[in-house]
Amino acid sequence: MSPSPVHDSWLRSLLKTLSWRLTATLTTIALVYWITGEVSLAVAAGSLELFLKMVLYLGHERLWDRLSLGRVTRKPAVLWFTGLSGAGKSTLALAVKEALEQQNTAVAWLDGDITRKFLPRTGFSREARDGNVLKAGFIARTLEENGVTVVASYISPYRATRDQVRTMCDHFVEIHVATPLEICEARDVKGLYAKARAGEISQFTGIDDPYEAPHQAEIVIDTTREDVPAAVARILAYLRNPPKAPMITPTPVKTTAAALLSNPVAPGKE
Ligand SMILES: Nc1ncnc2c1ncn2[C@@H]1O[C@H](COP(=O)(O)OS(=O)(=O)O)[C@@H](OP(=O)(O)O)[C@H]1O
Ligand SMILES: Nc1ncnc2c1ncn2[C@@H]1O[C@H](COP(=O)(O)OP(=O)(O)O)[C@@H](O)[C@H]1O
């Protein structure tokens with residue numbers, strides 16, 4: 001059994017000991033007085049018990065803190081949201097992150113719009129996107145290895161690259177945000193579809209760059225049919241109760257940082 005990452009500090013145990021002892025001792029004093037009608041006996045019993053049981057309780061509490069028996073810990077996962085620009089990846093990823101935090105799950109959100117600002121060589125050529133997605137995948141799997149569940153929202157348009165990230169992670173859940181192109185274009189959250197149609201930006205996914213939909217995503221969400229709370233509930237239900245046999249059995253490939261660094265996106269290919 002792996003050690004639990006959640007532990008109580010000594011101070012917390014001590015405060016719990018004091019608060020419990022106060023409650024329990026006052027109860028004892030009241031009971032002894034009720035049974036015997038003698039104040040001095042009630043106070044004597046309470047005082048003896050106060051010190052003896054405080055020591056016993058603290059020892060007992062620290063012992064239980066060392067045991068993982070019966071502790072419910074969620075296995076970390078990488079929830080990979082893929083889909084067209086404007087499909088709803090970021091909206092859903094953030095909502096899932098917040099829902100998991102409510103359940104005291106350690107969770108991190110990786111989003112293309114954010115990580116592109118600090119990851120090197122993140123253009124929109126095929127090679128640059130592959131590099132971008134693999135780097136994000138590497139960060140995701142490193143977080144996962146350290147007990148953090150990851151919600152990642154990347155267009156990640158190429159099937160083979162997503163499958164490569166799958167092999168890097170222990171528990172990869174591919175979530176296809178399958179909003180149709182015409183809806184994404186009508187939303188045009190950032191005005192990028194209009195620019196792409198006007199020829200002001202090129203290599204835009206769904207317009208003049210391909211999006212390869214997953215063949216076997218664990219979860220498919222069409223945001224025209226399912227609102228955010230319903231989709232979040234379905235994702236959480238999947239995590240609570242994943243299918244016994246995984247739909248896809250990847251061959252684990254532990255891509256190392258060194259391997260990623262030795263295969264960078266060639267400068268000028270962005
Ligand atoms: N040419 C082109 N194609 C697609 N997207 C473009 C492009 N230029 C800029 N953007 C903006 O970049 C965001 C996509 O970044 P990603 O890191 O998710 O892309 S990828 O996975 O590497 O393909 C994407 O964000 P989302 O709309 O949140 O998906 C766009 O805002
Ligand atoms: N059911 C839904 N799920 C997610 N987003 C939705 C849904 N219905 C409407 N939207 C809207 O669609 C837009 C999706 O934008 P965003 O999450 O930034 O997409 P992406 O990250 O895929 O580019 C947001 O304005 C969001 O409010």
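Sequential numbering from 1 along the given sequence is applied to the chain's residues. Just so you know, ligand 1 is whichever comes first in the structure, and atom 1 is the first atom listed for that ligand.
Heavy-atom contacts of Ser202 reach the following atoms of ligand 1: 1 (N) (cutoff under 4.0 Å). Listed by number with element, the atoms of ligand 1 under 4.0 angstrom from any heavy atom of Pro157 are 23 (O). Each of the following atoms of ligand 1 lies closer than 4.0 Å to a heavy atom of Asp113: 12 (O), 13 (C), 24 (C), 25 (O), 28 (O), 31 (O). Per-residue contacts place Ser85 under 4.0 angstrom from the following atoms of ligand 1 (heavy atoms of the residue considered): 26 (P), 27 (O), 29 (O). Each of the atoms 27 (O) of ligand 1 lies under 4.0 Å from some heavy atom of Gly86. Less than 4.0 angstrom separates some heavy atom of Val133 from each of these atoms of ligand 1: 21 (O). Each of the following atoms of ligand 1 lies closer than 4.0 Å to a heavy atom of Ser156: 20 (S), 21 (O), 23 (O). Every atom of ligand 2 is numbered from 1 in the order shown, and the set under 4.0 Å from a heavy atom of Leu84 is 22 (O).
Using 4.0 Å as the threshold, Val177 has no heavy atom nearer than that to any atom of ligand 2. Heavy-atom distances between Leu192 and ligand 1 reach below 4.0 Å in at least one pair. Ligand 2 is never approached by Leu94 to a heavy-atom distance shorter than 4.0 Å. Residue Ser85 places a heavy atom under 4.0 Å from ligand 2. For the pair Ala196 and ligand 1, no heavy-atom separation below 4.0 Å is found. Ligand 2 lies within reach of Gly86, whose nearest heavy atom is under 4.0 Å from it.
Annotation: Leu92 places no N or O atom under 3.5 Å from an N or O atom of ligand 2; distance criterion only. At a 3.5 angstrom cut-off on N or O pairs, Asp227 does not count as close to ligand 2. For ligand 1, none of its N or O atoms has an N or O atom of Tyr154 under 3.5 Å away. Of the polar atoms of Lys190, none of the N or O atoms is found under 3.5 Å from an N or O of ligand 2, judged by distance alone. For a threshold of 3.5 Å applied to N or O pairs, the pair formed by Ser153 and ligand 1 contains no separation below that value.
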| message | side chain to side chain contact (heavy atoms under 4.5 Å, CB included) for Asp170 and Val78? Distances and angles first, verdict last. | response | CA-CA 8 Å; Asp170 276 337; Val78 174; over 6 Å; no

| Residue pair Leu239, Leu79: steps toward the side chain to side chain contact (heavy atoms under 4.5 Å, CB included) verdict | CA-CA 10 Å; Leu239 288 181; Leu79 309 179; 3.7 Å; yes

| field | Test log, rule side chain to side chain contact (heavy atoms under 4.5 Å, CB included), inputs Ser202 and Asp208 | value | CA-CA 7 Å; Ser202 60; Asp208 58 350; 3.9 Å; yes

| message | Between Phe81 and Thr91, is the side chain to side chain contact (heavy atoms under 4.5 Å, CB included) condition met? List the steps. | response | CA-CA 10 Å; Phe81 293 79; Thr91 304; over 6 Å; no

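A distance of 11.5 Å separates CG of Leu119 from CD1 of Ile114, quoted to the nearest 0.5 Å.
When all heavy atoms of Lys89 and Leu84 are compared, the pair lying nearest together is NZ-O, 2.9 Å. Of all heavy-atom pairs spanning Tyr211 and Ser156, the tightest one is CE1-O, 4.2 Å.
Atom 1 (N) of ligand 1 has Gln203 O, 2.8 Å as its closest protein atom, hydrogens excluded (heavy atom only). Atom 21 (O) of ligand 2 has its closest protein heavy atom at Ser90 OG, 2.6 Å. For atom 2 (C) of ligand 1, the closest heavy atom belonging to the protein is Phe204 CD1, 3.3 Å. Annotation: atom 18 (O) of ligand 1 to nearest protein heavy atom, Ile155 N, 2.9 Å. Taking atom 25 (O) of ligand 1 as the reference point, the nearest protein heavy-atom neighbour is Lys190 NZ, 3.0 Å. Of the protein's non-hydrogen atoms, the one nearest atom 25 (O) of ligand 2 is Val189 CG2, 4.1 Å. The protein heavy-atom contact nearest to atom 2 (C) of ligand 2 is Thr223 CB, 3.4 Å. Taking atom 29 (O) of ligand 1 as the reference point, the nearest protein heavy-atom neighbour is Lys89 NZ, 2.9 Å. Of all protein heavy atoms, the one lying nearest to atom 23 (O) of ligand 1 is Arg129 NH1, 2.8 Å. Shortest contact from atom 20 (S) of ligand 1 to any protein heavy atom: Arg116 NH2, 3.6 Å. The protein heavy atom nearest to atom 1 (N) of ligand 2 is Glu226 O, 2.9 Å. Protein heavy atom in closest approach to atom 9 (C) of ligand 1: Phe124 CZ, 3.3 Å.
Of all the heavy atoms of Ala87, none lies under 4.0 Å from any atom of ligand 1, so neither backbone nor side chain is involved. Contact annotation: for Arg187 versus ligand 2, heavy atoms closer than 4.0 Å belong to the side chain alone. Of the heavy atoms in Ile221, none comes closer than 4.0 Å to ligand 2.
In this structure, Phe204 and Tyr193 have perpendicular ring planes: the angle between them is above 60°, well past the 30° mark.
Side chains of Arg129 and Thr205: a donor-acceptor N/O pair is present below 3.5 angstrom, by distance only. Defined by atom type and a distance below 3.5 Å, a donor-acceptor pair is missing between the side-chain atoms of Ser13 and Asp8. A donor-acceptor contact closer than 3.5 angstrom is absent between the side chains of Trp109 and Ser90.
A salt bridge links Asp113 with Lys190: at least one charged nitrogen is closer than 4.0 Å to a carboxylate oxygen. For Glu61 and Arg12, the salt-bridge test fails: no basic side-chain N is under 4.0 Å from an acidic carboxylate O.
The hydrophobic cluster containing Ile235 does not contain Val220, counting ILVMFWY residues as joined when their side-chain heavy atoms lie under 4.5 angstrom apart, directly or transitively.
The cationic atom of Arg116 (NZ for Lys, CZ for Arg) lies less than 6.0 Å from the six-membered ring centre of Phe124 and within 45° of the ring axis.
Compare Thr91, Asp188, Val228, Thr224 by their heavy atoms: the one nearest to atom 26 (C) of ligand 2 is in Thr91. In this structure, of Gly83, Gly88, Ala186, Ser153, the residue bringing a heavy atom nearest to atom 19 (O) of ligand 2 is Gly88.
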